[in-house]
Amino acid sequence: YSSAASDVYKRQAAIELQRGDLQQSVRYLDKADAQASATLNNRGVLKLLQGDLDSAESYFKQAQAKGSVEAGANLEEMVNKRKDDAIFGK
């Protein structure tokens, strides 16, 4: 896919994640540039919503390493979720 098409898929995946349509977001993420920071961040959000904190953390760290500010914020959010889970149980 072209860079422009990949950008559309990344944006659409983010919209579907916000809507809570995880299956549709996966379809768009699979078409986006797999190594783009936005794609990695969105995959992290997807994994976080699915409860897979280890995978989410990995995606967020990869996206953050590529310069994603959002991934850094999401990583902090995930750390807080881990703390909450430890305190209150899953």
Side-chain angles (χ1 to χ4, degrees):
Y1 294 102
S2 72
S3 177
S6 182
D7 287 346
V8 170
Y9 293 131
K10 287 183 281 192
R11 282 194 298 275
Q12 196 60 41
I15 290 167
E16 297 303 335
L17 283 169
Q18 290 174 343
R19 286 184 179 164
D21 189 341
L22 304 186
Q23 287 183 323
Q24 190 64 28
S25 74
V26 168
R27 289 186 192 106
Y28 287 114
L29 287 171
D30 286 346
K31 294 178 182 179
D33 176 1
Q35 293 306 310
S37 64
T39 304
L40 293 166
N41 182 61
N42 286 336
R43 285 204 180 272
V45 171
L46 174 66
K47 292 299 182 182
L48 185 62
L49 292 172
Q50 292 173 330
D52 184 349
L53 301 184
D54 292 336
S55 293
E57 181 177 9
S58 175
Y59 281 118
F60 291 146
K61 284 182 176 178
Q62 290 175 60
Q64 188 178 36
K66 292 180 180 261
S68 172
V69 174
E70 294 88 357
N74 287 334
L75 197 53
E76 284 183 33
E77 196 68 32
M78 197 212 54
V79 168
N80 290 335
K81 178 158 177 38
R82 282 190 194 269
K83 288 178 185 174
D84 288 348
D85 287 352
I87 293 168
F88 300 111
K90 290 185 177 183

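- By the side-chain contact (heavy atoms from CB on, under 4.5 Å) test, Asp84 pairs with Phe88, sequence neighbours left out.
- For Arg82, the salt bridge (Lys or Arg N to Asp or Glu O under 4.0 Å) test picks out Asp54, Glu57, with sequence neighbours left out.
- For Glu70, the side-chain contact (heavy atoms from CB on, under 4.5 Å) partners two or more places apart in sequence, or in a different chain, are Asn41, Ser68.
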TODO: Run the numbers on Thr39 and Gln35 for side-chain hydrogen bond (donor to acceptor under 3.5 Å, both in side chains), then give the verdict.
DONE: CA-CA 7 Å; Thr39 304; Gln35 293 306 310; over 6 Å; no
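- The CD atom of Gln12 sits 11.0 Å away from atom CG of Asn42, with the distance rounded to the nearest 0.5 Å.
- Here CG of Leu53 is found 12.5 Å from OG of Ser58. Values are rounded to the nearest 0.5 Å.
- Residue Leu40 belongs to a hydrophobic cluster whose other members are Tyr59, with links defined by side-chain heavy atoms closer than 4.5 Å.
- Note: Leu48 CG to Leu17 CG = 10.5 Å, rounded to the nearest 0.5 Å.
- With sequence neighbours excluded, no residue satisfies side-chain contact (heavy atoms from CB on, under 4.5 Å) with Gln18.
- One finds the CG atom of Leu46 at 10.0 Å from the OG atom of Ser55 (value rounded to the nearest 0.5 Å).
- More than 12 heavy atoms of other residues, nucleotides or ligands shown are found within 6.0 angstrom of CD on Gln50.
- No continuous path of ILVMFWY side-chain contacts below 4.5 Å connects Val69 to Phe60, so the two sit in separate hydrophobic clusters.
- Applying the side-chain contact (heavy atoms from CB on, under 4.5 Å) criterion to Ala38, with sequence neighbours excluded, gives Lys10.
- The residues Arg43 and Asp30 are annotated as salt-bridged, a charged nitrogen and a carboxylate oxygen being separated by less than 4.0 angstrom.
- Scanning both residues, Ser37 and Ala63, for their nearest heavy atoms gives O-CB, 3.4 Å.
- Under a hydrophobic clustering in which Ile, Leu, Val, Met, Phe, Trp and Tyr are joined whenever their side-chain heavy atoms come within less than 4.5 Å, directly or via other members, Leu29 and Leu22 fall into the same cluster.
- Interatomic distance, CD of Glu76 versus CD of Gln64, reported as 8.5 Å (0.5 Å rounding).
- Shortest non-hydrogen contact noted between Ala13 and Ser25 is O-CB, 3.6 Å.
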